[in-house]
Amino acid sequence: MKNLAILGATGSIGDSTLSVCRDNAHLYNVTLLLASKSVDKMLSLCLEFTPRYVAMSCSAATKELAKKLNKENCSSQVIQSEEELLQLLSSTEIDAVMVAIVGGAGLKTTLTAVKAGKEIFLANKESLVMSGQLFIDAVKKSGAKLWPVDSEHNAIYQALSPKLQNTLGHCELTSQGVSKILLTGSGGPFLNTSLSDFANITPKQAVKHPNWSMGQKISIDSATMMNKGLEYIEARWLFNASREQLQVIIHPQSVIHSMVQYIDGSVIAQMGNPDMRIPIAHVMGGGERIESKAGNFDFFSAPEFTFSAPDYQRYPCLKLAIDACYHGQHATTALNASNEVAVDAFLKGQIQFTQIAQLVERVLQQTSTQPIHSIEQLLELDKQAKVSTLEIMRRDILC
Ligand code: NAD
Ligand code: MG
């Protein structure tokens, strides 16, 4: 039995992870649950799983949860500070960590678990996008075992040889005959919407993904295809891929989760229903196949599979992310930070859908080119980019 920590336990990935835990109770002890402020949901999870430890990043939520747990006579111990949480994550009490916090807020906890050499189930792509080389260096130094949870990266991982799987971050794709990584994406809910209607897209329309059920931020990122852009950067780091080795393909049915093309012309794809319990069960099984309850894909009632190249006029965020990937760490960190602020503003009805890309582009234009050597520098740049996004919004958009 492994002791599992779930960071972001009350979200969409948290739900899917706990579903896999329910079906494989002989493999994992749910030892630590962390979330932000959904106290009632966390309370019900504690009553069901009785984790040894529980933590909320919001201090008011921490107090409220402690009171409610006490009333229910639940034995889960409430972590009182970030320091205590980071210590626990580094300790021998935790073997594996599902990193499912949304956004850059996940960076510190993720890096702590990486540095402690834990088994890392990585769903939180933003932390890798932000910290890139620093993250990969930390994995190599600590010997942490990295498992990609994002469905595309998990599909790619499954299509690679064990030699590449065991050297994520610094693998040599060409040494194993890989010619290209084909990153598929559905194109989101606006694949066929007229461009002239884009400015009027509402948050309610944008969060409605045609195939996947996900948290709000990643749903908006999927609609702009910033999600595929972040995934492109994620793939660049995980698979040590060059520009020539990475290609994005639109596949609206979301059945092929990504593919690897080899020099002999073979293409290996991983397929299945669009259900995150599949990649989660894959990583939690340590590569062995375990129950996921996601069901089998029915080929006889399958729609036709179609493929096309992305249109950057429709998806300017995808282009911004791919360009940022080759400008360097300062650019990917600023891109991620400004996107977080812009998506939040869009969800609050403060900016139009099309202004997400415009804001990110303007922040990137004014971000100074600077090599990043430390997490402190990175966090400072993240803060500056968020402030710049808000300033541009206040000055030129919100009036
Ligand atoms: P979500 O919004 O549904 O859940 C986010 C979770 O993070 C919640 O439990 C929330 O309480 C917690 N959280 C937020 N801020 C926190 C903080 N500062 N400290 C601690 N916990 C905090 O998001 P999601 O859809 O589950 O996505 C989580 C991550 O997984 C994202 O990085 C996303 O890109 C990635 N991902 C999600 C999916 C999916 O299908 N949902 C697929 C692939 C990758
Ligand atoms: Mg994905």
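Residue numbers count from 1 along this sequence.
Using a 4.5 Å cut-off between side-chain heavy atoms of Ile, Leu, Val, Met, Phe, Trp and Tyr, with links allowed through other members, V360 and M393 fall into different hydrophobic clusters. In terms of hydrophobic clustering, with Ile, Leu, Val, Met, Phe, Trp and Tyr side chains grouped at heavy-atom distances under 4.5 Å, M259 and L168 are assigned to different clusters. Note: the hydrophobic cluster containing L122 also contains Y28 (ILVMFWY, side chain heavy atoms under 4.5 Å, direct or indirect links). The hydrophobic cluster containing I156 also contains W237, counting ILVMFWY residues as joined when their side-chain heavy atoms lie under 4.5 angstrom apart, directly or transitively. Tracing side-chain contacts under 4.5 Å through hydrophobic residues (I, L, V, M, F, W, Y), one never reaches L364 starting from V341; they form parts of separate clusters.
Classification of R277 and D23 as a salt-bridged pair fails, no side-chain N sitting under 4.0 Å from a carboxylate O.
Within a 6.0 Å sphere centred on NZ of K140, other residues, nucleotides and ligands contribute 12 heavy atoms or fewer. For D264, the CG atom is densely surrounded, since the number of other residues' heavy atoms within 6.0 Å is greater than 12. With a 6.0 Å radius and a threshold of 12 heavy atoms from other residues, nucleotides or ligands, E83 has its CD atom at or below the threshold. Within a 6.0 Å sphere centred on CD of Q377, other residues, nucleotides and ligands contribute more than 12 heavy atoms. A 6.0 Å sphere centred on NZ of K108 holds no more than 12 heavy atoms belonging to other residues, nucleotides or ligands. Counting non-hydrogen atoms of neighbouring residues, nucleotides and ligands closer than 6.0 angstrom, the NE2 atom of H170 exceeds 12 such neighbours.
Atom NZ in K383 sits 11.5 Å away from atom CG in L381 (nearest 0.5 Å). Within the model, atoms NZ of K118 and OG of S91 stand 5.5 Å from one another, a figure rounded to the nearest 0.5 Å. Separating the CG atom in L230 from the CG atom in L335 is a distance of 6.5 Å, to the nearest 0.5 Å. Here the CG-CG distance, from N273 to D298, works out to 9.0 Å after rounding to the nearest 0.5 Å. Note that CG of L32 and CG of L89 are 6.0 Å apart. Values are rounded to the nearest 0.5 Å.
Closest approach of P148 to Y157, counting heavy atoms only: CD-CD1, 3.7 Å. Counting all heavy atoms, side chain and backbone alike, A223 lies closest to A206 at CB-O, 3.8 Å. When all heavy atoms are compared, the tightest approach of E291 to N24 is O-ND2, 3.1 Å. Considering every non-hydrogen atom in both G185 and K228, the closest pair reads CA-CE, 3.4 Å.
Of the possible donor and acceptor atoms, one in the side chain of T333 sits under 3.5 Å from a partner among the backbone N and O of M130. Using modelled atom types, one side-chain atom of T184 and one backbone atom of I256 make a donor-acceptor pair closer than 3.5 Å. At least one donor-acceptor pair closer than 3.5 Å links the side chain of S219 to the backbone N or O of G215. Panel note: side chain N240, backbone C171; a donor-acceptor pair is recorded below 3.5 Å. Panel note: side chain R314, backbone T193; a donor-acceptor pair is recorded below 3.5 Å. Checked by atom type and distance alone, the side chain of D95 pairs as donor or acceptor with a backbone atom of N3 at under 3.5 Å. No side-chain donor-acceptor contact under 3.5 Å links T367 to the backbone of A331. A donor-acceptor pair is defined here as one N or O able to donate and one able to accept, closer than 3.5 Å; no such pair exists between the side chain of T10 and the backbone of M42.
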- Query: Given D275 and K293, is the salt bridge (Lys or Arg N to Asp or Glu O under 4.0 Å) satisfied, shown in steps?
  - Reply: CA-CA 9 Å; D275 187 322; K293 292 270 166 50; over 6 Å; no

- Item | Criterion side chain to side chain contact (heavy atoms under 4.5 Å, CB included) on Q216 and V343, from CA distance to verdict | CA-CA 9 Å; Q216 281 202 321; V343 168; over 6 Å; no

- Task: Mind running salt bridge (Lys or Arg N to Asp or Glu O under 4.0 Å) on E64 and K37 for me, showing each step along the way?
- Result: CA-CA 10 Å; E64 196 186 333; K37 24 181 183 236; over 6 Å; no

- Item | Stepwise side chain to side chain contact (heavy atoms under 4.5 Å, CB included) check, I322 with L246 | CA-CA 10 Å; I322 293 176; L246 273 176; over 6 Å; no

- Item | Pair K217-D221, salt bridge (Lys or Arg N to Asp or Glu O under 4.0 Å): steps then yes or no | CA-CA 6 Å; K217 193 233 171 209; D221 284 348; 2.8 Å; yes

- Task: Any chance you could lay out the side chain to side chain contact (heavy atoms under 4.5 Å, CB included) test for V54 and L69, step after step, and finish with the verdict?
- Result: CA-CA 10 Å; V54 60; L69 285 172; 3.8 Å; yes

- Using the salt bridge (Lys or Arg N to Asp or Glu O under 4.0 Å) rule, take E152 and K125 through it: C-alpha gap first, then chi angles, then the decisive distance, then the call. CA-CA 12 Å; E152 296 76 3; K125 64 196 88 184; 5.5 Å; no

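Within the 4.5 Å cutoff, the side chain of T110 has heavy atoms near those of the F135 side chain. For the pair I220 and I356, the minimum side-chain heavy-atom distance is below 4.5 Å. A 4.5 Å side-chain heavy-atom check between S258 and L183 finds at least one atom pair inside the cut-off. You'll find the side chain of I101 reaches within 4.5 Å of the side chain of L34, heavy atoms only.
For the residue pair T306/Q253, the side-chain donor-acceptor check at 3.5 Å is satisfied. There is no side-chain donor-acceptor pair under 3.5 Å between N29 and T31.
Ring geometry for H257 versus W212: interplanar angle of 30 to 60°, hence tilted. By the 30° and 60° cut-offs, the orientation of the rings of Y326 relative to Y232 is perpendicular. Aromatic ring pairs are classed by plane angle as parallel below 30°, tilted from 30° to 60° and perpendicular above 60°; the pair F239 and H153 is parallel. In this pair, H251 and F307 present their aromatic rings parallel. The plane angle is below 30°, not in the 30 to 60° band.
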